[in-house]
Amino acid sequence: PLEDVPVLISEDIVISQPAKILNFLRKQKYNADYDLSAKQGADTLAYIALLEEKLLPALLHTFWVEAENYCSVTKPWFASRIAFPLSLYLPGKMSRKVLNRILLTRGGPPLYSLTEVEAQIYRDAKECLNLLSKRLGTSQFFFGDTPTTLDAFVFGFLAPIYKVCFPRVQLQEHLKQLPNLCRFCDDILTCYFRLTVSGHSPAGQDTADANLQKLTQLVNKESNLIEKMDDNLRKSPQHPPRKLTTLKLAAGGEESSPLNRLSP
Amino acid sequence: ATLCFQAFLQMCNLPIQVVCRANAEYMSPSGKLPFIHVGNQVVSELGPIVQFVKAKGHSLSDGLDEVQKAEMKAYMELVNNMLLTAELYLQWCDDVTVEEITHPRYGSPYPWPLNRILSYQKQWEVRRKMKAIGWAGKTLEQVLEDVDQCCQALSQRLGTQPYFFNKQPTELDALVFGHLFTILTTQLTTDELSEKVKNYSNLTAFCRRIEQQYFEGHDKDSSATAAARSAKRSLLR
């Protein structure tokens, strides 16, 4: 679909909106909350509501409404992933939609001007970050040692703030004062985002470059390996040349699939 | 919301007097209900009222540690996010309810055509808000499902305890009571919403307990009618 992100495409089925995606995955037996008690499940719902209510407006604002951020980072980034001529129109539309949403949900009296609304939503966001930090404490994930849906949600909200290089970064500075949340983001990034590049890679261009580098290294290693095998084969004439072709094909197959994973 | 706040003040043992006014929204400094009038100060909305009361030395959540306070805030957001939005949706976006109940009630203090104009204006405002947060595309079934999920979460969190944070009531208890009591006692075109809540026996027991403890202890007749009147008033928001 043109406007709705995130989108999950599984064979022929297209699903958008996080809640529906989660339901779909659960029905396919992918559930990170299997070991949670009923109370912890309830807590998950509550914390997600907190994130959406308190942190999301400020996050959206940082990306889409803050003029410097929008012009220098968000718009080019999104425009580069969307086909022309939609790239001219869609980012602007999303920006207007976000501003509308913020004003309608948070902009009633006694907050009359946009700057007052902005001040309020950033205050709320900082309070929310503090609350999350207190809740996380010293544990690795929110419910002990294994990650759950809540960890994924929190990461999804925090990682863009933490990693994207914006010109105006008040939320990022606040987040950096909460070391346990930074450690939480770093842990998840290293564990789960090593080689794959999703459409919403939190560090954007940096991760893409790093992954390209890693891939190039991998390919180089493989080609070195192939050369060595080539040499061996030439030195031992009893091995039939057929095996050489099979090796090359296999190497070719492996090369092409990571490349496929890279393309959006 | 009026009821949440009444419950909260009762729990703090502060005496209050409920007065019904047609122009309540205009009297409030933020345009939102409820608001309180103390001496020469007027404070509106539950959050600021709680802080105001706290500044005067009354607080229900002092006994909680940091993690519990975080949890309490999270649950309050859940209630606001789900229950409040669902109530607004039902009042203003469900055509049957709007025609039969909301329009007549909202416009009742005013003469024609002002009553129709004001209620259409309010409806348009609420629908715009719903569209911005993505609830406009939801059907009634989906909204009821969300309410059910929220009640399930609240029920699981409450468990067999008397209050959400065990022995003492907190702001969360007042908030949940206010919303659930309103849902359970207000007459709508269908009973589906109250049925969803009634499915969770510990939640209905919770409401009953708070009602008995904080509203029937005082003047039985006046507080019960005041609670019922304010329950209707909160639906008019």
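Below, read A as the first sequence line, B as the second, and so on, with proteins coming before strands; counting in each chain starts at 1.
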Q: CE/B:M72 to CG/A:L131 distance, rounded to the nearest 0.5 angstrom?
A: 10.0 Å
Q: If I take atom NZ from residue B:K131 and atom CZ from residue A:R101, how far apart are they, to the nearest 0.5 angstrom?
A: 14.0 Å
Q: Give a yes or no answer on whether the side chain of A:Y47 reaches the backbone of B:Y75 with a donor-acceptor pair at less than 3.5 Å.
A: no
Q: Sequence neighbours left out, what passes side chain to side chain donor-acceptor pair (under 3.5 Å) with A:K54? Give chain and number order.
A: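 Side chain to side chain donor-acceptor pair (under 3.5 Å) check on A:K54 returns nothing, list empty.
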Q: Tabulate, in ascending numerical order, the residues of residues 172-185 of chain A having at least one heavy atom closer than 4.5 Å to a heavy atom of chain B, or enter 'none'.
A: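 Contacts with chain B: none.
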Q: So which heavy atom on A:A42 is nearest to which on B:A153, and how close?
A: CB-O, 3.2 Å
Q: Which region of B:Q149, side chain (C-beta onward) or backbone (N, CA, C, O), has a non-hydrogen atom less than 4.5 Å from a non-hydrogen atom of chain A, or is it both or neither?
A: both
Q: Counting heavy-atom pairs closer than 4.5 Å to chain A, which one of B:V67, B:N80, B:N81 comes out on top?
A: B:N81
Q: Within this structure, what is the CG-CG distance for the pair B:L78 and A:L50, rounded to the nearest 0.5 Å?
A: 10.0 Å
Q: How many angstroms lie between atom NZ of B:K69 and atom CG of A:N130, to the nearest 0.5 angstrom?
A: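 B:K69 atom NZ to A:N130 atom CG measures 13.0 Å (nearest 0.5 Å).
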Q: What's the spacing between A:D124 CG and B:E77 CD if we round to 0.5 Å?
A: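 The CD atom of B:E77 is 8.0 Å from CG of A:D124, to the nearest 0.5 Å.
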Q: Find the distance between CD (B:Q156) and CG (A:D43) and round it off to the nearest 0.5 Å.
A: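 Result: 10.0 Å between the selected atoms.
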